Asks: 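Sharing a structure here in structure tokens format.
One-based numbering along the sequence shown. Bear in mind the structure is a predicted one, so any value in this text is a computation, not a measurement.
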Amino acid sequence: MSEALLSMTKDKKDKKKKKADTPKEGKAAAKKHQLDLSNHYETVEAHVDRMDKKTYEHEIEKLHVELVKLLEWIKHQKLKVVILFEGRDAAGKGGVIKTIAERLNPRFCRIVALGVPTEKEKSQWYFQRYVAHLPAAGEMVLFDRSWYNRAGVEKVMGYCTEEEYTEFLRSCPEFERMLVRSGIILIKYWFSVSDKEQERRFQERIDDPTKRWKLSPMDIESRNRWVEYSKAKDVMFAHTDIKQAPWWVVRADDKRRARLNCIHHLLSLIPYEDLTPPPVKLEPRRIDESYVRPPITDQNFVPEVY
């Protein structure tokens with residue numbers, strides 16, 4: 001490509017970026033509240049009002065029905081679906097994964113949340129331990145964090161070398177293209193949360209003993225390295241936002257809206273048909289008079305404390 005053409009391309013990109021950065025005017029723009037996080041290299045648009053519980057429960061019930069239909073279609077068509085959930089700590093990844101899976105057959109919808117790699121796994125090809133959890137035909141796998149640990153926490157916290165990080169950025173797009181060519185439907189979500197909202201959720205975990213286990217020293221340190229994580233995310237997107245498996249960003253300051261929007265979007269990505277079987281007629285139970293029940297005193301019962 002000639003230098004003149006490169007210059008023209010750069011000018012077009014600069015104009016497009018400038019146009020995108022220009023704030024919208026009018027009623028549409030007034031409906032959104034803009035959080036100023038420019039100093040943190042990440043801007044998140046937050047809804048003025050959080051969704052109320054009644055509205056959320058009404059909408060999520062309908063989406064649960066559709067998720068059941070989707071999984072039945074995946075089983076029927078023998079599809080292989082992988083969904084990655086990435087984002088900052090306390091962004092709501094675990095909540096949406098739990099919401100998606102709670103009404104689905106666990107034999108065909110699996111959650112993968114891998115811990116720290118063992119010494120043996122560290123000696124393997126980086127993607128190897130994730131490949132072992134990829135779906136067979138008729139399965140959907142939800143990754144609560146994934147191979148993108150290397151582009152995020154490992155890079156920022158210094159858990160990988162610069163050579164390992166550079167190799168990941170080079171090989172990850174090819175790895176994902178290979179997955180897609182093999183017939184896997186790969187969907188990637190990034191949950192975006194603001195600095196202020198993350199701090200509120202961290203404090204909520206500190207105050208609630210039942211949630212305190214969610215807060216690790218790593219999470220606390222991530223607060224101090226907010227900018228570093230933002231930069232790492234920007235580089236990750238620049239290298240891995242490919243047309244075969246693009247990143248989809250979920251605005252996650254409102255957890256309820258984030259869950260509904262993510263599930264609704266997921267349902268739109270995979271065309272499916274309703275294969276719900278018709279209701280069956282429950283016949284009266286057959287009585288067998290020959291059965292003699294053993295003495296009830298022979299059994300151990302759980303004490304009825306409540």
Asks: Heavy-atom count check: over 12 atoms from other residues, nucleotides or ligands less than 6.0 Å from W125 CH2?
Replies: yes
Asks: Indicate yes or no for a side-chain donor-acceptor contact from D144 to the backbone of I111 under 3.5 Å, with no hydrogens or angles considered.
Replies: no
Asks: CZ of R88 to OG of S194: how many Å apart, nearest 0.5 Å?
Replies: 10.0 Å
Asks: Quick one: does any side-chain atom of D219 pair with a main-chain N or O of S216 as donor and acceptor, under 3.5 Å?
Replies: yes
Asks: With a 4.5 Å heavy-atom cut-off, do E72 and T276 have their side chains touching?
Replies: no
Asks: Step through the shown structure and confirm whether more than 12 heavy atoms of other residues, nucleotides or ligands are within 6.0 Å of CZ on R107.
Replies: no
Asks: Is any side-chain heavy atom of V116 less than 4.5 Å from a side-chain heavy atom of Y159?
Replies: no
Asks: Look at R145 together with D89 and state whether they make a salt bridge at an N to O cut-off of under 4.0 Å.
Replies: yes
Asks: Roughly how far apart are L79 CG and E139 CD, rounded to 0.5 Å?
Replies: 12.0 Å
Asks: Are V235 and W247 joined in one hydrophobic group, where the rule is that I, L, V, M, F, W and Y side chains link up if heavy atoms are under 4.5 Å apart?
Replies: yes
Asks: Parallel under 30°, tilted from 30 to 60°, perpendicular over 60°: which one fits the rings of Y130 and F143?
Replies: tilted
Asks: I'd like to check L114 versus E121 (side-chain heavy atoms, cut-off strictly below 4.5 Å). Are they in contact?
Replies: no
Asks: Does the Lys NZ or Arg CZ of K233 fall within the cation-pi geometry relative to Y229 - under 6.0 Å from the ring centre and within 45° of the axis?
Replies: no
Asks: Any ion pair linking E57 and R256 (charged N to carboxylate O, less than 4.0 Å)?
Replies: no
Asks: Would you call K231 and E228 a salt bridge, taking side-chain N to carboxylate O under 4.0 Å as the test?
Replies: no
Asks: Do E86 and S146 get their side chains close enough for a donor-acceptor pair, meaning under 3.5 Å?
Replies: yes
Asks: Taking I206's backbone N and O only, do any of them form a donor-acceptor pair with R212's side chain (distance below 3.5 Å, no angle check)?
Replies: yes
Asks: Can you measure from CG (D52) to NE2 (H58) and round to the nearest 0.5 angstrom?
Replies: 11.5 Å
Asks: Quiz question: by atom type and distance under 3.5 Å, do the side chains of E59 and H264 form a donor-acceptor pair?
Replies: no
Asks: Check ring pair (Phe, Tyr, Trp, His ring centres under 6.0 Å) between H265 and all other residues, then give those that pass, not counting sequence neighbours.
Replies: Y189, W248
Asks: Could you check whether any side-chain N or O of R201 sits under 3.5 Å from a backbone N or O of A90, counting only pairs where one atom can act as donor and the other as acceptor?
Replies: yes
Asks: Decide if atom NE2 of H133 counts as having more than 12 heavy atoms of other residues, nucleotides or ligands within a radius under 6.0 Å.
Replies: yes
Asks: Are E66 and Y272 linked by a side-chain donor-acceptor pair shorter than 3.5 Å?
Replies: yes
Asks: Rounded to the nearest 0.5 Å, how far apart are CZ of R285 and CD1 of I287?
Replies: 4.0 Å
Asks: Checking R259 against E102 for the salt bridge (charged side-chain N to carboxylate O under 4.0 Å, His left out) test, could you report, in this order, the C-alpha distance in whole Å, the side-chain angles of both residues, the deciding distance, and whether it holds?
Replies: CA-CA 13 Å; R259 293 172 187 175; E102 64 180 328; over 6 Å; no
Asks: Got a donor-acceptor contact below 3.5 angstrom from the D208 side chain to the E204 backbone?
Replies: no
Asks: I'd like to know if K196 pairs up with E199 as an ion pair, taking the criterion as any Lys NZ or Arg NE/NH1/NH2 lying under 4.0 Å from an Asp or Glu carboxylate oxygen.
Replies: no
Asks: Within the 4.5 Å heavy-atom criterion, are M178 and F127 side-chain neighbours or not?
Replies: no
Asks: Would you indicate whether the side-chain heavy atoms of Q244 and R181 approach each other to under 4.5 Å?
Replies: no
Asks: Please test E167 against R170 for salt bridge (charged side-chain N to carboxylate O under 4.0 Å, His left out), starting from the C-alpha separation and ending with a verdict.
Replies: CA-CA 5 Å; E167 177 56 32; R170 181 188 300 115; 2.5 Å; yes
Asks: Measure the shortest side-chain to side-chain distance between L63 and T99 over non-hydrogen atoms and say whether it is less than 4.5 angstrom.
Replies: no
Asks: Can you check whether I270 reaches I187 side chain to side chain, under 4.5 Å on heavy atoms?
Replies: yes
Asks: For residues S182 and K80, report the shortest heavy-atom separation together with the two atoms involved.
Replies: O-NZ, 3.4 Å
Asks: Would the distance check show the side chain of D254 and the main-chain N or O of M51 forming a donor-acceptor pair, the cut-off being under 3.5 Å?
Replies: yes
Asks: Identify the two heavy atoms, one from F191 and one from C262, that lie closest to each other, and give their separation to 0.1 Å.
Replies: CZ-SG, 3.9 Å
Asks: With a 4.0 Å cut-off on N to O distance, would you call E162 and K155 a salt bridge?
Replies: yes
Asks: Rounded to the nearest 0.5 Å, what's the gap from CD1 on I184 to CG on L134? Could you check?
Replies: 4.5 Å
Asks: Would you say the side chain of Y126 lies within less than 4.5 Å of the side chain of E164, judging by non-hydrogen atoms?
Replies: no
Asks: Heavy-atom count check: over 12 atoms from other residues, nucleotides or ligands less than 6.0 Å from K62 NZ?
Replies: yes
Asks: Does a side chain donor of either R223 or Q198 reach within less than 3.5 Å of an acceptor in the other side chain?
Replies: yes
Asks: State which residues pass side chain to side chain donor-acceptor pair (under 3.5 Å) with E176; sequence neighbours excluded, sorted by chain then number.
Replies: W147, Y148, K188
Asks: Starting at CD1 of I74, measure out to SG of C109 and round the result to the nearest 0.5 Å.
Replies: 8.0 Å
Asks: For N300, does the CG atom sit with more than 12 other heavy atoms under 6.0 Å from it, leaving out its own atoms?
Replies: no
Asks: When you measure from the centre of the six-membered ring of F85, is the NZ or CZ of K93 closer than 6.0 Å and no more than 45° off the axis?
Replies: no
Asks: Any sub-3.5 Å donor-acceptor pair from S123's side-chain atoms to K120's backbone N or O?
Replies: yes
Asks: Considering all heavy atoms of both residues, which atom of G138 and which atom of F108 are nearest to each other, and what is their separation?
Replies: O-CD2, 3.4 Å
